[in-house]
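In listed order, ligands and their atoms are each counted from 1. Each residue takes its place number in the sequence, starting with 1.
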Amino acid sequence: MVRLFATHRIRITSELEGLWDFEPWAGAARSFPDTYRYRLPVPGVWEMHPDFSSYRGQGVYHRSLHLHEWHNLRLQFGGVSHTADVYLDGVWQAHHYNAYTAFSTVMAKVAPGDHHLVVVVDNRFGPTSTLHVPNDYYTYGGLIRPVVLETVPELYVEALRFWPVLEATGWAADISVAVASLSEEARAFRIEARLGDQSLTLAQDRLAMADGVRWYTSRHRFSGIEAWSPEHPNLYDLELQLFFPEQSDPQDDLIERVGFRVVSTDSNRVQLNGQSVIFKGFNRHEDYPGVGSAIPFPLMVQDVELLRQMGANAVRTSHYPNDERFLDLCDAYGLLVWEEHHARGFDLAHMQRPGFIEQITASTEEMVLQHGNHPAIVIWGVFNECASDTDEGRVMYQDQIQRIRQLDPSRPVTYASHHRDRDRCWDLVDIVSFNLYPLWYTEETPEALFALARKWADAAGGKDKPMIISEMGADGFYGFRQELKGHGSEERQAEILQQDIAAVQHLGLAGMFIWQFADCRVSEARNWLFSRAMGQNSKGVLDRYRRPKLAYAAVKRGYRLSEQAVDNSPSR
Ligand code: ADA
């Protein structure tokens with residue numbers, strides 16, 4: 001399952017799920033194994049196999065394909081962790097770095113018969129990997145998200161952007177469609193679309209291969225639209241069809257599920273369709289025992305239901321773009337999303353490593369271009385706890401924020417910082433976000449520390465901007481209960497979170513994201529951070545298997561209580 005809805009009715013697609021051949025691989029030269037001793041599930045991580053439970057290296061995935069006739073093939077990889085090289089019949093087709101964004105490759109005129117698809121996967125840390133590094137979460141290995149094989153005609157729809165706009169007269173949207181051609185000769189086409197009972201023409205042109213991928217953008221007005229909101233997550237199927245003038249049947253198509261809503265900010269709050277929202281959120285890693293970062297769909301649904309049961313209305317995809325099926329679920333259930341590019345805890349020296357800028361920029365661009373149609377995403381985030389306290393770092397923050405705004409001017413941008421009063425980038429963003437761990441890493445009370453943070457932000461360019469506590473929390477070892485409420489006990493964790501929530505509510509901040517939803521595996525290493533007890537970050541209110549700790553009920557009380565509360569916080 002790739003999305004929550006069918007993305008094509010005309011284009012023939014098949015998901016390449018199931019068992020693929022696998023062989024760990026140390027080859028430097030591009031010669032592939034003759035035999036494969038293992039078979040591994042796709043989507044999946046190789047760590048689920050006992051021989052590879054902590055394997056960091058390269059592995060070759062293989063499967064054969066059979067074509068009955070000549071086809072143009074398009075292969076779409078939802079996510080390969082963390083580097084992929086794709087080969088068809090021994091011929092290299094594509095390279096992609098970063099586990100958490102999709103990529104595709106098109107192979108024109110593939111002959112009938114048997115073919116061999118090989119993906120060389122690498123999850124090693126080293127000089128060419130600047131985003132996947134030993135960290136406070138785990139970089140798994142494998143084809144972690146769905147792989148889809150499509151057959152495309154000579155001209156095909158490559159992508160679709162949908163930006164809703166609220167005009168004085170009602171809802172409109174800027175719709176952009178990207179079309180690509182595999183034909184040497186320019187060929188005429190037109191693109192029609194339907195949304196509800198409205199028909200639209202999106203493009204009419206001639207295109208040849210040499211033109212590359214061409215974008216067509218137009219604004220369209222709609223009537224009778226029900227806006228998307230957390231309470232009423234109304235969604236619409238936007239169905240595109242590509243026609244050649246000489247044929248009355250469509251030759252290609254693309255279906256996207258969209259929602260109409262606008263996001264804005266004032267001096268104190270984030271607004272959705274003009275109404276203030278207060279984020280009662282969680283930070284969530286894509287991690288689950290056994291399946292690692294390749295979380296199967298039913299367990300994603302379980303996560304969503306657990307979030308909802310606690311009264312949460314928001315989730316932060318710490319610290320990378322998430323699986324589209326999870327984002328689809330957030331669209332469908334009305335959960336607000338802060339999505340961020342892939343960066344956690346990089347100091348200036350790291351950000352200055354060769355290749356860093358290229359890799360982080362690709363992560364930013366792919367995130368916005370691939371996920372921008374999700375109405376649930378209401379905030380873009382950059383650089384969690386990186387060098388926002390330095391002048392050189394500021395330039396990099398500025399560049400990434402600017403790139404996001406060029407691609408999508410419609411959503412507020414923020415970053416989560418732990419630099420307290422030393423930040424130099426609050427003037428660059430729309431929302432000020434602090435990661436603070438009162439009563440855990442530092443001694444202040446939550447109320448005192450969060451109030452102080454407001455002052456730090458005001459003095460450093462963040463005045464008159466909404467403020468979010470983007471992380472707060474404490475360790476709680478599942479099953480460690482103690483009346484003394486010792487360090488790491490479930491009791492102490494619950495008590496700290498209760499005080500955190502109360503402080504955010506009392507101070508009237510724009511919201512909070514608890515660190516974290518569930519415990520997660522961390523990288524193996526020998527320094528203090530990565531020698532975390534049990535090899536995991538234990539600040540989840542659920543353990544890795546989603547068994548609730550005492551904090552679960554405490555958060556539920558705090559979050560649900562505020563449901564009844566009227567937002568009477570002082571406007572600043
Ligand atoms: C940071 C970081 C998280 C996590 C957390 C913790 O704020 O952003 O990824 O490592 O600290 O548990 O210490």
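- With sequence neighbours left out, Arg161 forms a salt bridge (charged side-chain N to carboxylate O under 4.0 Å, His left out) with no residue at all.
- Neither the backbone nor the side chain of Tyr137 has any atom closer than 4.0 Å to an atom of ligand 1 (non-hydrogen atoms only).
- Annotation for ligand 1: atoms under 4.0 Å from non-hydrogen atoms of Tyr441 are 6 (C), 12 (O), 13 (O).
- For Glu339 and Arg411, the salt-bridge test fails: no basic side-chain N is under 4.0 Å from an acidic carboxylate O.
- Every residue was checked against the side chain to side chain donor-acceptor pair (under 3.5 Å) condition with Thr83, not counting sequence neighbours, and none meets it.
- Closest heavy-atom approach to atom 10 (O) of ligand 1 within the set Asn384, Asn435, Asp475, Asp136: this belongs to Asp136.
- Near Arg532, meaning under 4.0 Å from one of its heavy atoms, ligand 1 places the atoms 6 (C), 12 (O), 13 (O).
- At a heavy-atom cutoff of 4.0 Å, ligand 1 is contacted by no atom of Gln516, backbone or side chain.
- Residue-environment remark: CD (Glu443) stays at or below the threshold of 12 foreign heavy atoms within 6.0 Å.
- Trp515 and His285 have perpendicular rings, their planes meeting at more than 60° on a 0 to 90° scale where under 30° would count as parallel.
- Which parts of ligand 1 touch His319 is read off a 4.0 Å heavy-atom cut-off, strictly below it: atoms 3 (C), 8 (O), 9 (O).
- Here the two rings, on Tyr545 and Tyr478, have centers that are 6.0 Å apart or farther.
- Heavy-atom proximity to atom 8 (O) of ligand 1, evaluated over His418, His285, Glu471, Met472, is greatest for Glu471.
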